[in-house]
Amino acid sequence: MSDLLPFSSQLIAQAKNANCRHLVVLAGDLAWGTEFANSFTSGYPSYFWAGENAPENADSLSIKKAKKLLGQETHCLVFNAHNGFDADAFGALSGTVIGGGLLLLLVPSGWFDDTQTQLPFIQRLVRLLSQPDVLLIQQSETCFPDLPPSDFARNDYQDLRFNCLTQEQTLAVEAIKKVVTGHRKRPLVLTADRGRGKSSALGIAAASLMTERRIRIAVTSPSFANVNTLFTRAANALGIDYNQEKSLSFESSDMVFFAPDTLLTTQPDIDFLIVDEAAAIPAPLLSRMLSQYNRVAFASTIHGYEGTGRGFAIKFRQQLELQTPQWRQLSITQPIRWAINDPLENWVFRALLLDTDVIPSHRLSTRASLEITYRTVPTKELIVDEALLSSLFGLLINAHYQTSPNDISQLLDDANMQLLVAELKSDEGDSEQASSIVGCCLVSLEGGFDTDLAQQIMLGKRRVKGHLLAQSVAAHIGIPQGATQHCARILRIAVHPFLQQQGIGSSLLNFTQEWAGQQQLDYIGTSFAAAPELVSFWRKAGFLPIRLGVTKDASSGTHSLLTVQPISDAAQSWQQCAVSLFSANFLSQRVEQFNELENELFISLFQYSSAQLDIATYMPLPLSFRDLQLSCYCQGGLGYDLAIASIESWLSDWVSSDDFIHDPAAALAVVKVLQKQSWDTVVAQFSLPSRKHAEHALRSYITQYYQFSL
């Protein structure tokens with residue numbers, strides 16, 4: 001312990017002098033790690049503790065609340081991983097440490113003592129934590145690591161106009177202002193890694209505009225925490241006080257924060273819109289912002305902890321080209337909050353695969369005509385082959401903007417996770433790489449519950465972690481066989497952007513279907529953000545819609561569509577029932593739940609549903625299918641929105657029967673189900689306390705008379 005203080009003092013002094021950050025790993029029991037961490041934290045004016053068991057005098061928060069620190073800075077961070085390592089939280093919090101600071105990672109000694117007994121993700125992490133750019137101190141060892149080199153270049157740039165800290169940041173400020181002062185409909189897309197001064201550039205530009213003219217600026221982001229730096233920097237530039245308010249005023253100008261949905265709902269009258277962390281905002285919302293406002297600056301982190309800006313740039317580029325072909329793009333590469341080639345940033349990027357990318361297209365162009373083969377990749381292969389893991393993750397990042405570091409641990413540790421890939425073989429003379437992964441399909445094995453549990457799931461009385469596909473078939477459609485049978489849910493499918501539209505995705509799905517048959521699965525399925533082109537793709541692959549989410553998904557901003565393809569005869573027996581129920585429900589739901597559905601998507605699903613039910617011949621919903629959902633509904637499962645077609649079909653028959661009695665309870669059912677009045681209208685008309693009471697009254701009435709009508 002006596003040698004620790006000189007070591008920590010020298011390391012801190014060296015880090016401050018070089019404006020760089022280091023990762024220090026303290027491997028031992030928690031009490032020892034806490035004591036050793038104190039020797040480092042005492043060298044800073046303040047520090048933050050992330051995780052459980054924080055010392056009494058420490059500012060702290062739980063790992064689950066890590067994102068509350070976004071937009072804040074700390075000199076030193078202690079990350080307690082004794083209860084598990086959350087990759088998303090670690091990635092997010094690492095960016096709060098400023099140059100000259102340390103990130104202290106507390107881990108159990110067992111990670112290093114019993115490596116082979118650890119989960120695959122931890123095994124990989126231990127290997128990376130043992131590399132030279134990490135300062136590893138173990139309780140079982142008596143010596144300290146050598147101090148790292150400190151030859152980092154200093155940044156001496158000066159900007160008297162905006163007080164920017166790099167030339168790139170100055171250029172970014174000028175480009176942001178040009179969106180307002182230049183021609184309309186020429187949005188800017190600004191991208192940067194963390195610590196490059198992107199948000200500060202937005203704040204500086206906003207302040208400069210507010211001093212030069214009368215202007216109303218709106219700022220939107222997934223949360224206000226994301227733009228705290230932007231508002232702080234603007235307030236500093238304007239010379240006004242700021243205390244976490246969501247608006248700033250200067251003379252006749254102001255800047256106001258709006259949540260994305262509020263912005264689009266209220267449509268405020270503004271002169272300039274700033275969209276920060278755009279990668280974490282659903283693409284449909286970004287497109288609507290682009291349509292509603294003439295002057296917009298989009299900014300996003302390239303390698304993020306909650307989604308990737310690179311995937312966002314690829315996807316959003318298509319919309320930009322369509323709506324505003326004269327858009328501009330600018331990137332900031334030089335760090336501001338720490339030195340170039342910062343050791344902590346380099347390690348975080350490598351460990352969390354934040355800077356991984358797909359294989360460069362020039363390496364594929366000469367081999368595009370070669371044969372592509374398909375195979376499964378076991379987890380043990382990913383653990384030992386970092387290049388393979390990186391290339392696969394690069395595909396996922398480019399295909400799905402929500403791909404995050406935690407997906408790595410799920411991919412490596414989840415025994416139910418299966419990976420199937422499309423592989424492009426190289427020429428014999430290609431010495432760079434034996435083969436290239438150009439497509440991947442990530443699936444999760446689900447289902448196989450016993451009959452009693454499946455029944456409980458169907459009635460909404462039980463919910464098992466995971467198994468989203470199997471449980472959705474049971475709980476949202478009313479078919480318990482979906483939970484008792486074995487299935488595979490396709491989580492992600494990705495194809496190299498250079499080789500898309502060449503049938504690789506379809507062939508990969510065909511291979512997945514063959515694999516599912518070999519595994520004796522009953523069915524496969526997937527859930528995705530409903531868009532016309534995606535609906536078409538999955539239908540062509542043989543996956544039929546069986547459920548459309550009533551509410552929009554918070555992450556995608558669109559309704560999620562669940563589709564399945566039966567593999568076994570046992571699954572084939574209920575799929576037609578599920579398809580018919582979906583079609584009947586959609587044709588009823590179109591009046592209430594989906595009356596605002598995007599037009600092209602609505603037409604596609606309406607045509608599909610009409611064809612399935614053969615509307616031309618007025619074929620009704622089969623009574624056996626109707627009774628399946630009504631029985632579940634009457635037992636407390638499903639809900640009005642999920643069983644509306646079956647409820648409407650039965651009530652139509654019941655009202656037309658000789659046994660029907662008109663009373664207040666019957667009137668409520670007719671007003672809601674047959675006349676499609678809103679729940680608010682029903683509540684007011686029948687003097688009920690709330691919608692919950694109205695839904696209960698409807699269920700009680702149907703339960704009573706449905707049993708009578710049998």
Side-chain angles (χ1 to χ4, degrees), residues 120-121 353 356 358-359 364 370-400 402-403 407-426 433-448 466-470 485-528 534 537-538 540-543 562-568 571:
F121 179 77
L353 300 176
T356 186
V358 295
I359 300 166
L364 299 175
L370 296 183
E371 180 183 0
I372 294 177
T373 58
Y374 301 87
R375 68 182 180 97
T376 58
V377 177
T379 299
K380 61 182 180 181
E381 187 174 342
L382 294 175
I383 299 174
V384 299
D385 192 338
E386 193 70 20
L388 176 62
L389 178 62
S390 180
S391 65
L392 285 168
F393 211 67
L395 282 173
L396 294 175
I397 283 176
N398 275 275
H400 301 273
Q402 287 186 314
T403 301
D407 290 326
I408 307 171
S409 58
Q410 183 183 26
L411 178 61
L412 296 178
D413 293 346
D414 191 340
N416 290 323
M417 202 69 63
Q418 301 290 314
L419 182 64
L420 303 94
V421 302
E423 201 167 29
L424 180 62
K425 295 296 182 181
S426 69
Q433 192 169 349
S435 61
S436 302
I437 303 297
V438 296
C440 63
C441 184
L442 189 62
V443 303
S444 175
L445 298 176
E446 297 184 357
H467 299 267
L468 300 183
L469 171 62
Q485 294 176 358
H486 294 83
C487 63
R489 175 167 58 100
I490 299 176
L491 283 74
R492 303 281 172 85
I493 182 167
V495 174
H496 193 291
F498 183 74
L499 298 177
Q500 290 177 2
Q501 306 301 320
Q502 297 187 31
I504 295 176
S506 298
S507 297
L508 184 55
L509 277 181
N510 290 336
F511 176 73
T512 303
Q513 294 160 17
E514 294 173 2
W515 167 84
Q518 295 169 359
Q519 300 298 311
Q520 297 185 330
L521 300 180
D522 293 290
Y523 65 101
I524 55 178
T526 189
S527 178
F528 56 90
L534 292 177
F537 170 80
W538 287 102
K540 287 180 180 178
F543 289 72
L562 184 70
T563 65
V564 299
Q565 182 184 73
I567 302 296
S568 69

Heavy-atom pair with the smallest gap, counting every atom of F121 and D413: N-OD1, 2.8 Å
Distance check, rounded to the nearest 0.5 Å: I504 atom CD1 versus I372 atom CD1? 3.5 Å
How many angstroms lie between atom CD1 of I567 and atom CD of Q519, to the nearest 0.5 angstrom? 11.5 Å
Can you see which heavy atom on D522 is nearest to which on A571, and at what distance? O-CB, 3.1 Å
Scanning both residues in full, the closest heavy-atom pair of L508 with A422 reads CD1-N, 4.1 Å
Point-to-point distance, once rounded to the nearest 0.5 Å, from CG of L389 to CD1 of I383: 9.5 Å
Identify the heavy atoms of S527 and L562 that sit nearest to each other, and give their distance. CB-CD1, 4.0 Å
Looking only at heavy atoms, which two atoms of P566 and Y523 are closest? And how far apart? CA-CB, 3.9 Å
Result block: side-chain N/O donor-acceptor pairs under 3.5 angstrom for residues 437-447, not counting sequence neighbours:
unit_1: E446; atom_1: OE1; unit_2: L468; atom_2: N; d: 3.3
unit_1: E446; atom_1: OE1; unit_2: L469; atom_2: N; d: 2.9
unit_1: E446; atom_1: OE1; unit_2: A470; atom_2: N; d: 3.2
unit_1: E446; atom_1: OE2; unit_2: L468; atom_2: N; d: 3.3
unit_1: E446; atom_1: OE2; unit_2: R489; atom_2: NE; d: 2.6
unit_1: E446; atom_1: OE2; unit_2: R489; atom_2: NH2; d: 3.2

Please name the pair of heavy atoms, one in E371 and one in L424, separated by the smallest distance, quoted to 0.1 Å. O-CD1, 4.0 Å
Here the gap from L392 atom CG to D385 atom CG, rounded to the nearest 0.5 Å, amounts to 9.0 Å
Should the pair W538 and F543 be assigned to parallel (<30°), tilted (30 to 60°) or perpendicular (>60°) ring geometry? perpendicular
From T526 atom OG1 to I493 atom CD1, the distance as rounded to the nearest 0.5 Å: 8.5 Å
